[in-house]
Amino acid sequence: LVSLKQLQKDLEEVKELLTKATRKRVRDVLMTEKHKLELEIKNQPPPKPKDVAEEEKLSLGGYTVKINNYGWDQSDKFVKIYISLNGVQKLPSENVQVNFTERSFDLLVKNLNGKNYTMTFNNLMKPISVEGSSRKVKTDMVLVMCRKKREEKWDCLTQVEKESREKEKASYDTSDPSEGLMNLLKKMYAEGDDEIKRTINKAWVESREKQYKGDIPMDI
């Protein structure tokens, strides 16, 4: 398909040729082409508005880095998330954006040393006040202030973190102490390095040998 820009250039050239043409037949052909081009330009569909998110993405330039490291604490009224970013205080204020919802927030830092930085927290542990939440830019740090809807202690920052902790606790918190110990040892073995695995294996072998010799009456 011919673009609007190309049609406009064709029309300009036809108009220029019309100023130079002297023969009636040539002028008639050019006039016909002129009307045809004008009609085609008029019937061109209007340019589609670009998606806002896509436009924002294009305006960013460079490449985007996902932030994974952060620290957090809380007061009676706020949950505070600390994100370290060298030189962030030198950026224009509009380059550090945080969008809040009742159970999430998104951080976008644009064009910091040629890179863009993003961080997203979904499923916050408890609801927050969008109006009362804000962000502060400090030296080499962004502080995100989430205003608690209720002044109560948060055990975790997100619901996912809470579920993960509960699952981990359940894996070795049983009514049978020996079973809980075994589950804990299995977890340590699965997640440990070679040295930890060798240590656990050695302890297991020694405990079995003691059992066979009758030194201990029960399995561990």
Side-chain angles (χ1 to χ4, degrees), residues 49-173 183-184 186-197 199:
K50 288 185 178 179
D51 181 78
V52 174
E54 185 64 23
E55 205 167 62
E56 175 74 12
K57 186 179 176 182
L58 290 172
S59 70
L60 290 177
Y63 62 95
T64 300
V65 178
K66 188 175 180 181
I67 303 169
N68 293 312
N69 296 323
Y70 64 92
W72 75 284
D73 66 9
Q74 59 185 309
S75 63
D76 290 340
K77 295 182 179 180
F78 288 93
V79 169
K80 307 168 189 178
I81 298 92
Y82 302 87
I83 301 106
S84 295
L85 289 168
N86 288 336
V88 69
Q89 72 278 6
K90 299 174 185 176
L91 291 176
S93 179
E94 62 270 18
N95 281 33
V96 182
Q97 303 170 359
V98 183
N99 294 316
F100 296 95
T101 73
E102 191 175 72
R103 293 296 288 270
S104 72
F105 72 82
D106 293 289
L107 167 69
L108 170 62
V109 178
K110 297 193 288 185
N111 197 22
L112 176 59
N113 301 320
K115 300 175 187 176
N116 309 301
Y117 294 84
T118 64
M119 171 177 270
T120 300
F121 275 91
N122 293 315
N123 298 315
L124 290 171
M125 181 71 190
K126 297 179 185 291
I128 62 173
S129 164
V130 174
E131 297 78 15
S133 299
S134 61
R135 60 103 177 115
K136 294 180 181 179
V137 177
K138 299 178 176 291
T139 302
D140 298 331
M141 179 183 291
V142 176
L143 170 59
V144 179
M145 305 277 290
C146 296
R147 180 69 160 87
K148 295 177 179 178
K149 274 210 166 179
R150 291 185 296 274
E151 294 184 13
E152 55 187 337
K153 184 181 177 182
W154 289 24
D155 295 326
C156 305
L157 190 55
T158 65
Q159 190 67 31
V160 172
E161 187 182 348
K162 180 190 176 187
E163 290 169 2
S164 177
R165 283 190 185 183
E166 288 176 348
K167 186 177 179 181
E168 185 176 317
K169 183 180 177 184
S171 69
Y172 57 86
D173 184 14
N183 286 338
L184 179 57
K186 287 176 184 177
K187 184 174 185 298
M188 288 172 63
Y189 188 88
E191 297 177 357
D193 56 21
D194 290 342
E195 185 63 32
I196 289 176
K197 288 178 180 177
T199 302

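Taken to the nearest 0.5 Å, the CG atom of Leu108 stands 8.5 Å off from the CG atom of Asn99. Considering OG1 of Thr158 and CZ of Arg103, their distance stands at 10.0 Å, rounded to 0.5 Å. One finds the CZ atom of Phe100 at 7.0 Å from the CZ atom of Phe105 (value rounded to the nearest 0.5 Å). Remark: Leu112 CG to Leu85 CG distance equals 6.0 Å, nearest 0.5 Å. How far CD1 of Ile83 is from OH of Tyr70: 9.5 Å, rounded to the nearest 0.5 Å. Between atom CG of residue Asn123 and atom CD of residue Glu161 there is a gap of 12.5 Å, rounded to the nearest 0.5 Å.
Here the closest heavy-atom approach between residue Leu143 and residue Lys138 is recorded as CD2-CE, 3.8 Å. Shown here for Ile81 and Cys146, the closest heavy-atom pair between the two residues is CD1-SG, 4.0 Å. When every heavy atom of Arg147 is checked against every heavy atom of Lys77, the shortest pair comes out as CD-O, 3.5 Å. Between Val79 and Lys148, the closest heavy-atom pair is CG2-CE, 3.6 Å. Looking at every heavy atom in both residues, Leu157 comes nearest to Trp72 through N-CZ2, 3.7 Å. Nearest heavy-atom pair, Leu91 versus Asn111, reported as atom, atom and distance to 0.1 Å: CD2-O, 3.3 Å.
With Gln89 contributing its side chain and Asp140 its backbone, the two residues share a donor-acceptor pair below 3.5 Å. Distance alone, capped at 3.5 Å, is enough to place a donor-acceptor pair between the Ser133 side chain and the Ser129 backbone. Looking at Arg135, its side chain never comes within 3.5 Å of a backbone N or O of Val142 through a donor-acceptor pair. Proximity of a side-chain donor or acceptor of Gln97 to a complementary backbone N or O of Glu94 within less than 3.5 Å is detected.
Side chain to side chain, Thr120 and Asp106 meet the donor-acceptor criterion of an N or O pair below 3.5 Å.
Side-chain contact between Gln74 and Lys80: absent, with no pair of heavy atoms (C-beta onward) separated by less than 4.5 Å. For the pair Leu107 and Val109, the minimum side-chain heavy-atom distance is below 4.5 Å.
By the neighbour-count criterion of 12 heavy atoms within 6.0 Å, atom NZ of Lys126 is densely surrounded, having more than that number from other residues, nucleotides or ligands. Heavy atoms from other residues, nucleotides or ligands lying under 6.0 Å from CG of Asn69 number 12 at most.
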| query | Yes or no on side chain to side chain contact (heavy atoms under 4.5 Å, CB included) for Met125 and Gln159, after CA distance, side-chain angles and deciding distance? | reply | CA-CA 5 Å; Met125 181 71 190; Gln159 190 67 31; 4.2 Å; yes
| request: Would you check, one step at a time, whether the test side chain to side chain contact (heavy atoms under 4.5 Å, CB included) holds for Asn116 with Tyr63? | output: CA-CA 6 Å; Asn116 309 301; Tyr63 62 95; over 6 Å; no
